[in-house]
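Following: one structure in structure tokens, then a few remarks.
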Protein chains: 2
Amino acid sequence: MDCIFCKIIAGDLPSYKVYEDDKVCAFLDVLPIHPGHTIIVPKIHVSDVESLDDGELCAMVTVMKKIGKAVMEGLGVKGYSILLDNKDAANQHVPHVHFHLVPRKEGDGLGRWPQSGYSEGEAEECLKQIQEKL
Amino acid sequence: MDCIFCKIIAGDLPSYKVYEDDKVCAFLDVLPIHPGHTIIVPKIHVSDVESLDDGELCAMVTVMKKIGKAVMEGLGVKGYSILLDNKDAANQHVPHVHFHLVPRKEGDGLGRWPQSGYSEGEAEECLKQIQEKL
């Protein structure tokens, strides 16, 4: 496997490991958006959300919640953002599924993606197309 | 309760409901980043991740995964991003905890927040502060 996250998990690459248990590993992003920016990964190599079973996904978010609390208390920040880019189309950089936990500060200037509206009937059509696959 | 998401869940405000079960509700964001942009919420009113128990959080991400698959298949998109802003400091707009699921297309130009590096010893100190609270 030539996966950088698998190498970090295995200890074959140096990292700042925040947490690990039998299913999940978390480490600092060395190029943080803000200090304390943590990456949370499953220990098994799976590329995307669809390749995770529900139990693995739950293990990841349970750890995410635990780390979020420790990041806020430890670093004295008052909130955080969670980000996950799923698949190439979402500009996922490392093909090992991962959450980013980014400490936030009021007025830190981190903006949101631009939003737009739906044209007449477009939301209804969109809803129908999604629900047909649910 | 004057919570817009609680009103949507209760049917007191119109919405495009994508999915609901006993614990979780999902509906289209009427100001989408891309069409099919879906908001996933717990049915109980809790403001942030810390106020959710692990079971409720797991229920949310299990639904998120299900909807992500349906969005990709139904709308013919090849990926999505997940976003959650936790607390005021993270610029959380509606104080009812929620995930955004945003359909993505390669080259859609949705950028990432700028990253920087750690100064000498800063990552070690940061790691120590987080781990003391874990």
Side-chain angles (χ1 to χ4, degrees), chain A residues 16 18-19 28-33 35-36 38 49-50 52 54 57-58 61-62 65-71 73-75 77-92 99 102 104-106 110 112-118 122-124 126-127 129-134, chain B residues 16 18-19 28-33 35-36 38 49-50 52 54 57-58 61-62 65-71 73-75 77-92 99 102 104-106 110 112-118 122-124 126-127 129-134:
Chain A
Y16 297 100
V18 174
Y19 174 91
L28 295 183
D29 192 318
V30 289
L31 295 173
I33 292 167
T38 301
V49 173
E50 287 62 47
L52 282 172
D54 290 352
L57 184 56
C58 286
V61 291
T62 302
K65 180 183 160 192
K66 193 189 303 255
I67 290 175
K69 193 162 179 283
V71 162
E73 291 176 4
L75 304 182
V77 296
K78 300 232 159 47
Y80 58 81
S81 289
I82 295 296
L83 312 168
L84 181 150
D85 294 321
N86 195 45
K87 299 184 188 281
D88 287 348
N91 203 18
Q92 180 181 355
F99 281 102
V102 181
R104 295 290 303 274
K105 291 178 185 172
E106 286 197 59
L110 299 179
R112 297 192 160 207
W113 288 330
Q115 295 169 270
S116 58
Y118 283 106
E122 193 188 6
E124 288 83 352
C126 200
L127 183 67
Q129 289 170 326
I130 296 169
Q131 286 186 325
E132 280 173 359
K133 299 296 180 179
L134 266 177
Chain B
Y16 297 99
V18 175
Y19 174 91
L28 295 183
D29 191 320
V30 288
L31 295 173
I33 292 166
T38 300
V49 174
E50 287 62 48
L52 282 172
D54 290 352
L57 185 56
C58 286
V61 292
T62 303
K65 180 183 160 190
K66 194 190 302 253
I67 290 175
K69 192 162 179 284
V71 162
E73 290 176 5
L75 303 181
V77 295
K78 299 232 159 47
Y80 57 82
S81 290
I82 296 296
L83 312 169
L84 182 150
D85 293 322
N86 194 45
K87 301 185 186 279
D88 287 348
N91 203 16
Q92 180 181 354
F99 281 102
V102 181
R104 296 290 304 273
K105 292 179 185 171
E106 287 198 56
L110 299 179
R112 296 191 161 208
W113 287 331
Q115 295 169 269
S116 57
Y118 283 106
E122 193 187 7
E124 288 82 353
C126 201
L127 182 65
Q129 288 171 327
I130 297 170
Q131 286 186 327
E132 280 173 358
K133 300 296 180 181
L134 266 177

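Protein chains get the first letters and strands the later ones, always in sequence-line order, with residue 1 at the start of each. What's counted below: heavy atoms across the whole structure, side chains too, no hydrogens, waters or symmetry copies.
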Proximity breakdown for I67(A) and chain B, heavy-atom pairs closer than 4.5 Å: both

Structural part of V49(B) lying under 4.5 Å from a heavy atom of chain A: both

Top contributor to chain A interface from D29(B), L84(B), L83(B) [non-hydrogen pairs under 4.5 Å]: L84(B)

Step-by-step side chain to side chain contact (heavy atoms under 4.5 Å, CB included) determination, N86(B) to I82(A): CA-CA 8 Å; N86(B) 194 45; I82(A) 295 296; 6.0 Å; no

Residue pair D88(A), K78(B): steps toward the salt bridge (Lys or Arg N to Asp or Glu O under 4.0 Å) verdict: CA-CA 8 Å; D88(A) 287 348; K78(B) 299 232 159 47; over 6 Å; no

Distance in Å, L110(A) CG paired with W113(B) CH2, rounded so as to fall on 0.5 Å steps: 5.0 Å

Heavy-atom pair count under 4.5 Å with chain B, highest-scoring of L75(A), L31(A), V30(A), V61(A): L31(A)

Which atom of T62(B) lies closest to which atom of D54(A), heavy atoms considered: CG2-OD2, 3.3 Å

Option that, when pairs with chain B are counted at under 4.5 Å, heavy atom only, ranks first among K87(A), K133(A), E132(A): K133(A)

Non-hydrogen atoms of P35(B) and C126(A) that approach each other most closely: C-SG, 3.9 Å

Most chain A-contacting option - heavy-atom pairs closer than 4.5 Å, from T38(B), I130(B), V102(B): I130(B)

Contact winner vs chain B - Q131(A), E106(A), K66(A), heavy-atom pairs under 4.5 Å: E106(A)

Closest non-hydrogen atom pair between A89(A) and G79(B), with its separation: CB-N, 3.8 Å

I33(B) portion near chain A, given a 4.5 angstrom heavy-atom threshold: both

Winner by heavy-atom pair count (cut-off under 4.5 Å) against chain B, out of K105(A), Q92(A), E122(A), K69(A): K105(A)

Among S116(A), C58(A), G36(A), G117(A), residue most engaged with chain B (heavy-atom pairs, under 4.5 Å): S116(A)

Any donor-acceptor N/O pair, R112(B) side chain to N91(A) backbone, under 3.5 Å: yes

Top contributor to chain A interface from L28(B), V71(B), L52(B) [non-hydrogen pairs under 4.5 Å]: L28(B)

Polar side-chain atom of K65(B) near backbone of L57(A) as donor-acceptor pair, under 3.5 Å: no

